[in-house]
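Notes for the one structure printed next.
Below, read A as the first sequence line, B as the second, and so on, with proteins coming before strands; counting in each chain starts at 1.
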Protein chains: 2
Amino acid sequence: MLDKSHKHVTCATCGARKDSLFGSFCDHDVELTNEQKTCAYFKKGQAIFIEGSFPRGVFCLNQGKVKVFTRGDEGKEQIIHIAKEGEIIGFRAMFSGEAYKVSALTLEECNICYIAKDDFLNMIDTNSTLRNGIMKELSKELGDRAVFITNMAQKSVRERLAFALMILGDIYGDEQINLTREDMANFVGTATETLIRLLKDFKDEGIIEIHTRKLEILDQEKLIHLAGK
Amino acid sequence: MLDKSHKHVTCATCGARKDSLFGSFCDHDVELTNEQKTCAYFKKGQAIFIEGSFPRGVFCLNQGKVKVFTRGDEGKEQIIHIAKEGEIIGFRAMFSGEAYKVSALTLEECNICYIAKDDFLNMIDTNSTLRNGIMKELSKELGDRAVFITNMAQKSVRERLAFALMILGDIYGDEQINLTREDMANFVGTATETLIRLLKDFKDEGIIEIHTRKLEILDQEKLIHLAGK
DNA sequence: AAAAAAAAATGATTTTAATCAGCTTTCATT
DNA sequence: AATGAAAGCTGATTAAAATCATTTTTTTTT
């Protein structure tokens with residue numbers, strides 16, 4: 001259970017900060033950020049922001065995982081990204097001047113900090129390292145999404161599942177992958193039933209181990225091979 | 001037939017510049033850019049840059065259309081974007097520090113200018129309007145690609161074709177859409193045969209008119225309706 | 001601990017779109 | 001204008017994955 005007091009996160013001691021975009025901040029900048037940010041505890045399944053609304057600031061994940069998704073015509077979610085500790089989310093719409101094109105929802109209990117739009121834009125203007133980091137991040141994601149689109153168009157569901165499991169393996173690190181079958185299906189871009197059947201195949205082939213809800217990757221090599229290029 | 005002399009494009013008189021990211025440049029900046037850029041004529045089907053190589057500069061389309069695509073496992077192209085006059089392409093990989101994740105190939109005769117990496121990065125550093133424009137562009141595209149991914153995952157080929165035709169209609173403006181069936185299929189993310197059959201359906205339903213190679217959109221409303229959200 | 005709700009799993013069936021094979025038209029080149 | 005190549009088209013067949021209908025298991029709530 002996470003601390004719900006809202007007060008205990010301090011940028012200077014934040015474990016998530018070091019591999020975040022704020023990682024290279026000097027002491028002064030860390031202190032400034034610490035004063036500008038507010039913290040909040042989010043319970044599992046809570047919305048951080050919703051497609052169609054306009055951003056008023058950015059969110060910085062201190063603890064917990066978040067799904068970022070769009071909804072298609074029939075309301076079905078397509079998960080675009082799963083964000084983990086250290087990630088800053090919601091800055092795209094701030095730069096584009098548009099409404100959010102995606103929604104963000106916690107997948108587990110989270111501690112999330114918030115920096116108001118003006119403060120964040122001011123940071124970007126005055127801190128070229130942060131700015132370059134943001135531009136690099138935007139660009140990297142753009143490339144990843146080109147690959148994502150191609151995978152959706154050309155790979156079989158089986159290949160996409162292998163690919164997705166590799167990504168999830170990275171995100172969850174030494175924890176076990178912990179998603180509902182439905183979320184996983186919405187990440188792979190398939191029907192829940194199809195996903196379930198394929199997971200069983202992967203289990204039978206010794207690629208993964210299923211502990212009810214949680215998944216463990218046993219054979220990384222086979223996954224790489226299955227996922228293709 | 002375009003001018004092949006390589007010398008006739010001048011930023012100050014460039015028709016494509018006004019709605020480009022360079023559109024708001026002051027006279028001084030226009031002159032500077034003009035000195036830094038070089039121009040080249042590309043014939044139809046020529047490569048501008050190739051997936052896997054590293055960028056040395058950015059390209060600015062003065063005249064002509066360019067397809068931007070990745071190749072899947074079996075070498076099949078997935079067209080991610082079709083760039084037209086005024087667009088700057090190839091800057092993503094420059095910011096991300098990675099190799100190109102996409103290739104760019106001319107769809108017709110093109111006049112394309114080139115600005116070397118250092119010059120361009122210098123512009124970005126010193127010109128905040130350009131910089132903000134680039135960040136806005138990166139962000140907008142990132143949002144578009146989230147939608148693209150969702151369309152691929154959830155829409156039928158018929159819906160995707162309607163969506164693609166709307167985009168192509170915008171790109172080609174008052175010209176008629178002029179792509180091979182294969183390129184169009186690779187944009188929609190389907191087999192060429194399937195695309196051909198669907199185009200015929202659309203023709204029979206009075207949505208488009210087919211002039212051998214070129215397509216004309218007759219019923220925009222119906223397309224919007226068909227494409228869904 | 002029981003009840004209710006949510007998530008996971010399974011089987012049967014249908015649908016969509018890919019693939020394969022062959023044919024025709026158009027375009028580019030000599 | 002003739003030739004070859006590329007692009008476009010058509011029909012038949014197959015394969016992949018979605019959908020539908022239930023059942024079982026797990027999780028949450030009372």
Side-chain angles (χ1 to χ4, degrees), chain A residues 1 43-46 67 72-78 105 107-109 150-164 176-204 208-215 226 228, chain B residues 1 43-45 67 72-78 105 107-109 150-162 164 176-204 208-215 226 228:
Chain A
M1 199 61 119
K43 58 187 176 192
K44 184 175 171 174
Q46 222 179 324
K67 65 174 169 180
D73 292 6
E74 266 92 64
K76 188 180 158 80
E77 296 179 7
Q78 173 61 44
L105 219 117
L107 286 168
E108 46 190 71
E109 294 189 298
T150 308
N151 285 350
M152 286 307 227
Q154 298 186 10
K155 283 192 201 293
S156 65
V157 175
R158 189 177 153 88
E159 290 170 312
R160 295 208 303 270
L161 174 58
F163 194 84
Q176 294 190 356
I177 297 167
N178 184 10
L179 281 177
T180 65
R181 299 291 187 265
E182 192 180 355
D183 279 337
M184 213 176 296
N186 290 342
F187 185 39
V188 173
T190 189
T192 308
E193 296 94 322
T194 303
L195 179 109
I196 287 169
R197 283 180 248 260
L198 284 170
L199 279 183
K200 208 179 74 177
D201 290 350
F202 278 22
K203 193 194 72 180
D204 292 345
I208 59 170
E209 206 161 83
I210 301 180
H211 308 109
T212 42
R213 175 70 188 269
K214 292 178 180 175
L215 298 187
L226 269 180
Chain B
M1 201 60 121
K43 57 187 177 192
K44 185 176 171 173
K67 65 174 170 181
D73 292 6
E74 266 93 62
K76 188 180 158 78
E77 296 179 7
Q78 174 60 45
L105 218 117
L107 287 168
E108 46 191 71
E109 295 190 296
T150 308
N151 286 349
M152 285 308 229
Q154 299 186 10
K155 284 192 201 290
S156 65
V157 176
R158 188 178 153 89
E159 292 170 311
R160 295 208 304 269
L161 173 57
Q176 295 189 357
I177 297 167
N178 185 10
L179 281 177
T180 65
R181 299 292 187 263
E182 192 180 355
D183 279 338
M184 214 177 296
N186 289 343
F187 185 39
V188 173
T190 189
T192 308
E193 297 93 324
T194 303
L195 180 108
I196 287 168
R197 283 181 248 260
L198 284 171
L199 279 183
K200 207 178 75 173
D201 291 348
F202 279 22
K203 193 194 73 181
D204 292 345
I208 59 170
E209 206 161 82
I210 302 180
H211 308 108
T212 40
R213 176 67 190 270
K214 292 178 179 174
L215 298 187
L226 269 179

Here the distance between atom P of C/dA18 and atom CG of B/Asp73, to the nearest Å, is 16 Å

Atom CD of A/Gln154 and atom C1' of C/dT19 are separated, to the nearest Å, by 15 Å

Taken to the nearest whole Å, NE2/A/His211 to C1'/C/dA7 is 18 Å

Checking N1-N3 plus N6-O4 or O6-N4 for Watson-Crick, or N1-O2 and O6-N3 for wobble, each under 3.5 Å, the partner of D/dT30 is C/dA1

Atom NZ of B/Lys203 and atom C1' of D/dC9 are separated, to the nearest Å, by 11 Å

From CG of A/Leu215 across to P of C/dA7 the rounded distance in Å is 16 Å

Heavy atoms of B/Asp73 and A/Glu159 approach each other most closely as OD2-OE2, 4.0 Å

In the structure I gave you, are the side-chain heavy atoms of B/Arg213 and B/Thr180 within less than 4.5 Å of one another anywhere?
yes

Answer for the Watson-Crick or wobble partner of C/dG11, both distances under 3.5 Å, is D/dC20

From CD1 of B/Ile210 across to C1' of D/dC9 the rounded distance in Å is 11 Å

Nearest heavy-atom contact between B/Ala153 and A/Met152 is CB-CE, 3.3 Å

To the nearest angstrom, the CD-C1' distance between B/Glu182 and D/dA6 comes to 10 Å

**Study point:** B/Arg160 (side chain) donor-acceptor with B/Lys155 (main chain) under 3.5 angstrom
**Key:** yes

B/Thr150 and A/Gln78 have their tightest heavy-atom pair at OG1-CB, 3.6 Å

With sugar-phosphate taken as primed atoms, P, OP1 and OP2 and all else as base, the protein-contact string of nucleotides 11-30 of chain D at under 4.0 Å (heavy atoms; B, S, -) is BB----SSBB-----S----

* Asked: Under 4.5 Å between any side-chain heavy atoms of B/Thr190 and B/Leu198, yes or no?
  -> no

To the nearest angstrom, the CG-C1' distance between A/Asp204 and C/dA9 comes to 13 Å

